[in-house]
Amino acid sequence: MDLIWNEIVTEEDISNLNNLYGYFEDSVIVSMNYISGNSINDEFVGDFHGNNDLRIMFQRLDSNPFSIELWFAHTKQIKFLFVNPSDKCQMDIMKAKVCRNNNSIFWTMWDEFNPYNEEHQKLNDVVFVESECLKWRVIKANMIKTLIYFPPEYKNLALKIRENYIEHHHGEVDLVSETDQNNIEYARKEKYDEAIFIENIDSVVIHDIKSGYTNRCSISDVCYHGR
């Protein structure tokens, strides 16, 4: 089950996830990563994909399993009430669940949330995520964190590499345009384990941050096959 994305399709899939993770009891949200899939290039031409990918990683006071990641695709709504230390409120999750209606899948911290009740979705103080699709997986402790640097003209290629990494073996995989950052020190400062620089349509350079090892390899080595 480790490393494999499990897609939510049936009510049984939902029940299995909720039961496996104990309805998120005594868990916390560790991180969230959102990528819209939209951008504007240097020539002011828009590139719109509308993927609206949202990935949330959880940890809990239980080791079986300790951490999982939810991947919401084509996210429709995100409603969160963030708690800060000054609020003097508990930050852990008492209980949450995954549920669905005929059109969407939800993750919510409201036990009484009814996905078929449209009024529930309109309440301002209800924490939930709504998306068209949902996948989940157990996170292993040794999964690494990767940053992909891409020239603006290779953004679609970067997205393809990212998708491949996520589906096969990686934990967190982020993208950054070389117009914003092009220095390996940025990846080191942000505590990434690995940095990938896209050179052209055929090759990439992979840097292991800790060891300093650098390897130039074919796009096919990182884009189409598990490593």
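Under a 4.0 Å N-O distance rule, the pair Lys135/Glu7 does not qualify as a salt bridge.
With sequence neighbours left out, the ring pair (Phe, Tyr, Trp, His ring centres under 6.0 Å) criterion links Tyr154 to no other residue. With sequence neighbours excluded, no residue forms a salt bridge (Lys or Arg N to Asp or Glu O under 4.0 Å) with Lys79. Not a single side-chain hydrogen bond (donor to acceptor under 3.5 Å, both in side chains) links Asn183 to another residue, sequence neighbours left out. Scanning for ring pair (Phe, Tyr, Trp, His ring centres under 6.0 Å) contacts around Phe66 gives an empty result, with sequence neighbours left out.
Outside the 6.0 Å centre-distance limit, the rings of Trp5 and Trp136 are not counted as a close aromatic pair.
Taking CZ from Arg162 and CG from Asp174, the interatomic distance works out to 7.0 Å, rounded to the nearest 0.5 Å. To the nearest 0.5 Å, the span separating CD1 on Ile184 from NE2 on His207 amounts to 5.0 Å. Taken from CG in Leu61 to CG in Asp92, the straight-line distance is 7.5 Å, to the nearest 0.5 Å.
Each of Val9 and Ile105 belongs to its own hydrophobic cluster when Ile, Leu, Val, Met, Phe, Trp and Tyr are linked at side-chain heavy-atom distances under 4.5 angstrom. There is a path of hydrophobic side-chain contacts, each under 4.5 Å, that joins Phe24 to Met32.
Between the side chains of Lys155 and Ser177, not a single donor N or O lies within less than 3.5 Å of an accepting N or O. A donor and an acceptor atom, one from each side chain of Gln59 and Ser67, are nowhere located under 3.5 Å apart. Between the side chains of Asn18 and Ser15, no donor N or O sits under 3.5 Å from an acceptor N or O. Counted by atom type alone, His74 and Ser131 present zero donor-acceptor pairs between their side chains at under 3.5 Å. Checking Tyr23 against Asp111 by side-chain atom types alone, no donor-acceptor pair falls below 3.5 Å. Remark: the Asn6 side chain and the Asp13 side chain contain no N/O donor-acceptor pair separated by less than 3.5 Å.
Although no hydrogens or angles enter the test, the distance criterion places no donor-acceptor pair under 3.5 Å between the side chain of Thr146 and the main chain of Ala195. Formation of a donor-acceptor pair under 3.5 Å by the Asp53 side chain with backbone atoms of Ala73 is not found in this model.
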For Glu163 and Lys160, run salt bridge (Lys or Arg N to Asp or Glu O under 4.0 Å): C-alpha distance rounded to whole Å, both residues' side-chain angles, the deciding distance at 0.1 Å, then the answer.
CA-CA 5 Å; Glu163 180 179 358; Lys160 194 171 186 180; over 6 Å; no
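Alongside Trp110, the hydrophobic cluster contains Phe106, Phe113, Leu123, Val126, Phe128 (criterion: ILVMFWY side chains under 4.5 Å).
Nearest heavy atom pair, residue Ile56 against residue Ile29, reads CG2-CG2, 3.7 Å. Taking each heavy atom of Gln121 and Pro115 in turn, the nearest pair found is NE2-O, 3.4 Å. Taking every heavy atom of both residues into account, Asp42 and Pro152 meet most closely at OD2-CG, 4.1 Å. Across all their heavy atoms, Ala187 and Ile209 have their closest contact at CB-CD1, 4.1 Å. For the residue pair Asn103 and Lys76, the shortest heavy atom distance occurs at O-NZ, 3.5 Å. Gly37 and Asn51 get closest at one heavy-atom pair: CA-ND2, 3.9 Å.
Using a 4.5 Å cut-off on side-chain heavy atoms (C-beta onward), Ile148 and Val173 make contact. At least one side-chain heavy atom of Trp107 sits under 4.5 Å from a side-chain heavy atom of Leu70. Residues Asp47 and Asn156 have side chains in contact (heavy-atom distance under 4.5 Å, counting atoms from C-beta outward).
A salt bridge (Lys or Arg N to Asp or Glu O under 4.0 Å) check over residues 202-220, counting only residues at least two apart or in different chains, returns the pairs Asp193-Lys210, Glu199-Arg216.
Relative to the ring axis of Tyr192, Lys145 places its NZ or CZ within 45° and under 6.0 Å from the centre.
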